[in-house]
Protein chains: 2
Amino acid sequence: MARVEHPGGGRASTLSDVAKLAGVSIATASKAINGRDEVAPATRRRVLEAAEQISFTPNQLARSLLAGRTGTVGLLTSDLEGRFVIPILMGAEDAFGAGQVNVFLCDARGDAIREQHHLKALLNRRVDGIIVVGRQTDPRPSLGHDLPVPVVYAYAPSDDPADLSITPDNRAGGRLAVEHLVSCGRSRIAHITGDPAYAAAQDRLLGVRDGLRAAGLELVGEPMFSEWSEHWGRDATAMLLAQHPEVDGIVCGSDQIARGVLDTLRDLGRSVPEDVAVIGYDNWEVLATNSRPELTSIDANLQQLGRTAAKRVFTALDDELRSGTEYQPVRLVIRGSTIPRR
Amino acid sequence: MARVEHPGGGRASTLSDVAKLAGVSIATASKAINGRDEVAPATRRRVLEAAEQISFTPNQLARSLLAGRTGTVGLLTSDLEGRFVIPILMGAEDAFGAGQVNVFLCDARGDAIREQHHLKALLNRRVDGIIVVGRQTDPRPSLGHDLPVPVVYAYAPSDDPADLSITPDNRAGGRLAVEHLVSCGRSRIAHITGDPAYAAAQDRLLGVRDGLRAAGLELVGEPMFSEWSEHWGRDATAMLLAQHPEVDGIVCGSDQIARGVLDTLRDLGRSVPEDVAVIGYDNWEVLATNSRPELTSIDANLQQLGRTAAKRVFTALDDELRSGTEYQPVRLVIRGSTIPRR
DNA sequence: TAACGTGCCGAAAAGCATTTCGGAATTTTC
DNA sequence: GAAAATTCCGAAATGCTTTTCGGCACGTTA
């Protein structure tokens with residue numbers, strides 16, 4: 001036993017150690033420690049002191065084995081950056097007290113085989129549920145229905161409507177962005193976004209059109225699709241200004257694109273937000289708070305999303321898991337790129 | 001039992017189900033499945049078929065309880081961004097086959113109390129070891145020595161030399177940066193970095209001085225300390241050029257700072273890398289590959305670091321855990337900010 | 001005083017897989 | 001054909017905790 005090497009630890013103490021030390025049976029020790037009331041106060045005190053003395057902590061493995069519940073969830077992700085999964089993880093931890101529930105994080109790296117491996121490992125470890133996190137909001141293949149635990153899809157919904165998915169409301173986000181620009185007095189609004197094959201691009205565009213229609217406006221030019229990069233933001237802005245110099249507001253499909261937009265606007269001598277207001281998407285802090293000016297953006301409330309996902313998993317243990325896609329509200333974070341600061 | 005709600009799963013099948021179906025004892029079934037050789041080929045086939053039929057997978061809880069090893073590690077982090085912890089997690093997963101080892105990820109959010117909670121929970125779950133990940137390379141408080149499992153500190157070393165810590169070799173990184181600039185023909189090199197209270201800033205500066213000394217050069221001006229932000233990079237560059245217009249190379253303490261440096265150089269009409277070569281630190285892809293030009297940077301090899309940390313944890317199960325701080329080599333990633341592309 | 005409650009405690013089962021060891025059945029050897 | 005040696009299988013213990021239920025001792029009531 002290697003454990004012996006680690007001083008102070010030795011073999012972790014067990015309930016029977018406590019019982020022996022306190023001079024009671026194992027059953028009584030258990031009851032005393034767990035606050036059951038079939039034990040005399042004096043006995044309880046003796047047991048608790050003994051437990052304290054040898055710093056006993058119950059073995060969760062044995063507990064889980066008996067209870068049939070482990071208090072763990074698997075988080076199966078293919079989000080290499082960790083940009084989505086970390087807030088979701090934090091939300092899941094929050095949904096219960098810290099330390100109540102523990103999360104196995106598995107990174108499938110976009111590989112279906114690796115995903116299967118991880119899935120199997122998680123099931124063997126008897127997780128109480130699984131949260132699947134994708135890095136796009138496009139539907140992803142379902143893990144299937146013949147699983148012994150509830151599965152919730154977060155961020156990327158499942159392609160099977162019988163699964164439960166929780167995804168940010170991109171359409172509402174697009175609309176929110178436009179409404180904000182309109183309320184800032186802008187009326188000639190363009191939209192520069194990423195790869196049109198992404199549902200996120202299409203959904204946000206729908207929202208942008210909703211917002212414009214509600215304000216009685218039309219989009220300046222066509223929506224500009226390409227890739228989710230600063231490079232494209234820069235190039236697109238140059239093209240946009242050449243064709244539509246009258247533009248006074250730009251809704252961007254991501255913060256990265258918005259950074260590129262800001263760069264080119266600056267290069268071409270347009271001041272932000274005075275001449276052109278710019279709004280990003282994702283509220284990726286490191287990008288949004290370091291730009292000139294700082295970037296107003298739409299935040300997907302990922303932590304809230306993680307909390308919801310975890311709650312759904314655990315309520316599904318007692319009830320039936322619902323199905324369908326829940327759209328999580330998003331929120332606007334206002335910074336200097338739409339409203340002048342000081 | 002809520003499990004019954006989830007079709008196909010039902011109650012997970014146990015070894016005794018398999019044994020009953022195959023018409024053998026539990027012991028025989030176990031041996032057949034685990035490839036032990038005290039079982040007749042025909043019997044083994046029957047058992048395997050039965051296991052397949054009811055899709056049996058052994059309960060890791062029971063297994064771990066018996067073996068005294070769980071095949072899990074706890075990753076205790078306070079890295080809210082996940083920028084460090086995700087590569088380290090991936091490295092830890094890699095160190096063994098996917099699915100061999102699973103990782104409990106706990107985010108303490110920089111709160112010592114929450115950290116203690118998580119630590120206790122991890123120990124109760126009988127993890128085989130713990131990797132502590134910090135978000136700075138400054139020494140952090142030790143978790144102590146009276147723990148029943150080995151602990152390895154990754155990225156942020158422990159303040160107790162009796163612990164094992166694995167941290168990137170910042171000094172070598174600073175030196176590497178200068179050597180690269182020198183090999184690009186630069187001789188008037190300045191250094192803009194972050195908060196001087198950070199060990200990372202001090203260590204990288206030491207390396208920068210090493211490199212300069214080796215090349216027979218001196219730093220242009222004093223090293224410029226402030227914060228790890230783009231803002232500071234921009235401001236510092238303006239100051240630097242005003243005082244030392246002859247500068248032809250800038251080593252930055254982070255990629256964020258470097259982004260700011262690039263911005264100001266561009267604003268002031270200096271071309272990169274022709275007039276001034278710039279090198280960042282951290283190789284944070286989203287920043288480094290989206291700048292104009294793309295940013296040469298020092299990569300801390302975090303995935304390798306995670307692999308090493310996980311290996312140390314598991315070899316410590318059989319042997320004694322070594323102690324002290326291991327410095328992990330870093331590497332140079334060359335992009336357009338030091339060498340013209342195309 | 002006999003019958004009955006009540007309050008505490010302990011033996012034992014359950015949860016699941018692994019491993020040891022004894023024993024039954026078969027084959028080999030003399 | 002009997003004794004010895006294999007070969008294969010199964011009962012039971014192990015790991016640790018929780019929970020049920022039987023029982024002991026004490027005090028209470030008719």
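These numbers come from a predicted model, not from an experiment.
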Select base, sugar-phosphate, or nothing to describe what [X] touches, counting heavy atoms under 4.0 Å on all strands.
X        : result
Thr43(A) : sugar-phosphate
Leu61(A) : nothing
Ala40(A) : sugar-phosphate

Does [X] make a side-chain N or O approach to OP1 or OP2 of [N] shorter than 4.0 Å?
X        : N       : value
Asn34(B) : dA17(C) : no
Ser30(A) : dT18(D) : yes
Arg63(B) : dA17(C) : no

Looking at the side chain of [X], which of [options] is the nearest nucleotide?
X        : options                   : answer
Thr28(B) : dC9(D), dT17(D), dT19(D)  : dC9(D)
Leu15(B) : dC9(C), dT18(C), dC16(C)  : dT18(C)
Leu66(B) : dG15(D), dG10(C), dC8(D)  : dG15(D)
Ile26(B) : dC21(C), dG10(C), dT18(C) : dT18(C)
Leu65(A) : dC8(D), dC16(C), dT20(D)  : dC16(C)
Thr14(B) : dC9(C), dT20(C), dC16(C)  : dC16(C)
Pro58(A) : dG10(D), dT19(D), dT17(D) : dT17(D)

Open item on the list: So, applying side chain to side chain contact (heavy atoms under 4.5 Å, CB included) with Val149(A), which one of Val313(A), Ile130(A), Val73(A), Asp128(A) is it?
Closed with: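 It is Ile130(A); the other options fail the test.
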TODO: Give me the one residue out of Val151(A), Val132(A), Thr325(A) that meets side chain to side chain contact (heavy atoms under 4.5 Å, CB included) with Ser165(A).
DONE: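 Going through Val151(A), Val132(A), Thr325(A) one by one, the side chain to side chain contact (heavy atoms under 4.5 Å, CB included) with Ser165(A) is satisfied by Thr325(A) alone.
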Find the distance [X]:[atom1] to [N]:[atom2] and express it as a whole number of Å.
X         : N       : atom1 : atom2 : result
Arg36(A)  : dC9(C)  : CZ    : P     : 14 Å
Glu38(B)  : dT18(C) : CD    : C1'   : 12 Å
Asn124(B) : dG15(D) : CG    : P     : 20 Å
Arg46(B)  : dC8(D)  : CZ    : P     : 13 Å
Asp37(B)  : dT20(C) : CG    : C1'   : 15 Å
Arg125(B) : dT17(D) : CZ    : C1'   : 15 Å
Asn59(A)  : dT14(D) : CG    : P     : 18 Å
Ile33(B)  : dT18(C) : CD1   : P     : 8 Å

TODO: Applying side chain to side chain donor-acceptor pair (under 3.5 Å) between Asn124(B) and each of Thr57(A), Asn102(A), Asn59(A), report the one that passes.
DONE: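 By the side chain to side chain donor-acceptor pair (under 3.5 Å) criterion, Asn124(B) pairs with just one of Thr57(A), Asn102(A), Asn59(A): Thr57(A).
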TODO: Evaluate whether atom OH of Tyr327(A) has more than 12 neighbouring non-hydrogen atoms of other residues, nucleotides or ligands under 6.0 angstrom away.
DONE: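 Open: at most 12 neighbouring heavy atoms sit under 6.0 Å from OH of Tyr327(A).
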